[in-house]
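Right, one structure below, let's go through it.
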Amino acid sequence: MTRMICRTTPALAAFLGILLSGCVVIPVSSPRGPTPGPAPASATCARPHEAAAAEARVLAQVNGLRAARGLGRLSPSSRLRQVAQAHACDNAARGSYSHTGSDGATLQTRLHRYGYAPRRAAENTGYGFENDPDRLVAFWMNSPGHRANLLDPRVTEAALGLAQGARSAWVLELAVPR
């Protein structure tokens with residue numbers, strides 16, 4: 001199984017030989033070998049009080065966009081929320097919206113670390129958009145790779161992580177469990 005992960009460099013895309021709408025397609029199957037270590041210390045922070053409302057707003061908007069296209073609704077997932085929140089904290093601590101953790105962890109590694117076994121998974125990140133989930137969703141819808149993740153008919157669950165640093169760090173995890 002493969003999934004698009006956005007935000008790569010042209011050199012990496014050229015090395016891998018695969019570039020699709022600015023997103024690299026990588027495997028998402030469970031990692032082989034030892035269980036990934038614990039999350040870095042920067043992956044722990046207080047979830048802002050507005051995070052629950054922001055998550056509800058993002059999911060409502062995304063589900064509205066999906067419904068308009070005849071796609072199924074995304075259900076919130078507490079396990080995905082752990083993954084999203086930890087990565088949002090890590091990104092906020094670094095002033096980043098990277099898909100790679102400060103410890104080098106990929107989405108696949110982070111999902112495995114928190115005990116989520118996906119058949120398919122995707123991640124959208126954002127940096128800034130202070131208290132404005134509507135602008136964030138509009139930004140994602142105007143990006144081909146992020147839009148494809150939001151409108152992927154095969155994902156069934158989602159969760160939003162939000163952390164405060166110099167600017168807001170947002171992480172939306174979308175997946176379907178095994």
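Hydrogens, waters and symmetry mates are skipped; everything else that's a heavy atom, side chains included, is used.
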Backbone N/O of A138 and side chain of N142: donor-acceptor pair under 3.5 Å: yes

Donor-acceptor pair, side chain of D90 and main chain of S102, under 3.5 angstrom: yes

R94 versus N91, closest heavy-atom pair with distance: NH2-OD1, 2.7 Å

Salt-bridge present (E157, R79; N to O < 4.0 Å): no

Any L160 side-chain heavy atom under 4.5 Å of V171 side chain: no

Y114: partners by ring-ring contact (aromatic ring centres under 6.0 Å, His included), with sequence neighbours left out: none

Non-hydrogen side-chain atoms of T44 and C89 separated by less than 4.5 Å: no

Rounded distance (nearest 0.5 Å) linking atom CD of Q82 with atom OG of S77: 8.5 Å

A159 backbone acceptor or donor facing R81 side chain under 3.5 Å: no

Contacts of Q164 that satisfy side chain to side chain donor-acceptor pair (under 3.5 Å) - sequence neighbours left out: E50, S168

Salt bridge R113-D103, side-chain N to carboxylate O under 4.0 Å: yes

Nearest heavy-atom neighbours spanning Y116 and V176: OH-C, 3.7 Å

Contact check, side chains of H146 and M141, non-hydrogen atoms, under 4.5 Å: no

R47 side chain to A163 backbone, donor-acceptor under 3.5 Å: no

Any side-chain heavy-atom pair of L74 and V155 under 4.5 Å: yes

Contact check, side chains of P177 and R119, non-hydrogen atoms, under 4.5 Å: no

For L59 against P76, the heavy-atom pair lying closest together: CD1-CB, 4.0 Å

Side chains of L174 and L172 in contact at under 4.5 Å (non-hydrogen atoms): yes

Donor-acceptor under 3.5 Å (R57 side chain, D132 main chain): no

Distance-minimising heavy-atom pair for A105 and R110: O-NH1, 2.8 Å

Any side-chain heavy-atom pair of E130 and R135 under 4.5 Å: no

Short side-chain donor-acceptor distance under 3.5 Å, E123 and N149: no

Mutual orientation of the aromatic rings belonging to Y97 and Y127 [parallel < 30°, tilted 30-60°, perpendicular > 60°]: parallel

Non-hydrogen atoms of W140 and V58 that approach each other most closely: CZ3-CG1, 4.4 Å

Flag side-chain contact, heavy atom, 4.5 Å: L107 against H99: no

Nearest non-hydrogen partners of E173 and V83, listed with the distance: OE2-CG1, 3.6 Å

